[in-house]
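So the structure is just underneath, and the comments pick up after that.
Just so you know, ligand 1 is whichever comes first in the structure, and atom 1 is the first atom listed for that ligand.
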Amino acid sequence: MLDRLPDLVDPIAFAERRRELTGKIKIKEFKRLSELLADNQGEILLDASFYKSGRLAIIQGKISGELTVTCQSCMSSMIWPIDIGINLGVVASLEQADLLASEYEPLLLEEDKISLLELVEDELLIALPDFPRHDFECMESKYSPTELPVDNKQTMSENPFSVLAKLKNTGD
Ligand SMILES: [Zn+2]
């Protein structure tokens with residue numbers, strides 16, 4: 001366990017050496033994510049293994065922890081548990097991403113190194129629902145069901161194109 005994860009890593013070199021990385025990232029270091037949270041104290045744990053499958057560099061592991069979000073029904077803060085499995089195939093182009101086996105999500109390598117901070121933050125942003133709500137009727141008398149915001153967590157997490165769309169948007 002590392003006290004502080006390196007931010008920039010070379011995933012190809014790490015895969016060739018079969019590196020394992022386990023460490024924590026302070027939630028407040030995720031600037032984009034912090035804006036969406038009720039509280040940005042605490043840490044997120046990354047547990048990642050780098051290895052090769054044929055010529056492909058793979059990053060496999062887990063992102064876990066707890067985020068404090070605001071329930072969009074009653075506006076009180078609530079804990080949103082995070083337990084994300086990652087299985088990333090490192091690709092150099094969108095063409096390679098298209099050819100990737102479906103078990104892997106493409107991770108587009110635009111420079112020699114990737115930012116672990118950005119990688120984890122992107123995964124957390126995808127995992128976080130737009131309208132987090134308690135899973136019980138915390139505000140049953142105040143709103144009729146039709147006035148509650150639509151929960152699109154499902155569409156976010158099940159859309160296989162969201163990662164590719166994100167890749168396409170990060171090009172310089
Ligand atoms: Zn609530």
>> For residues 44-76, which residue pairs pass the ring-ring contact (aromatic ring centres under 6.0 Å, His included) check, not counting sequence neighbours?
In response: Phe14-Phe50
> Between Glu110 (side chain) and Leu108 (backbone), is there a donor-acceptor pair under 3.5 Å?
Replying inline: no
> By salt bridge (Lys or Arg N to Asp or Glu O under 4.0 Å), which residues pair with Glu20, not counting sequence neighbours?
Replying inline: none
> Heavy-atom count around Lys26 NZ within 6.0 Å, excluding the residue itself: above 12?
Replying inline: no
> Within a radius below 2.8 Å of the Zn ion (ligand 1), how many protein N, O or S atoms are present?
Replying inline: 4
>> Main chain of Ala48, side chain of Gln60: is a donor-acceptor contact present, judged purely on distance under 3.5 Å?
In response: no
> For Leu100, which residues count as a side chain to side chain contact (heavy atoms under 4.5 Å, CB included) partner, sequence neighbours excluded?
Replying inline: Leu56, Val91, Tyr104, Pro106
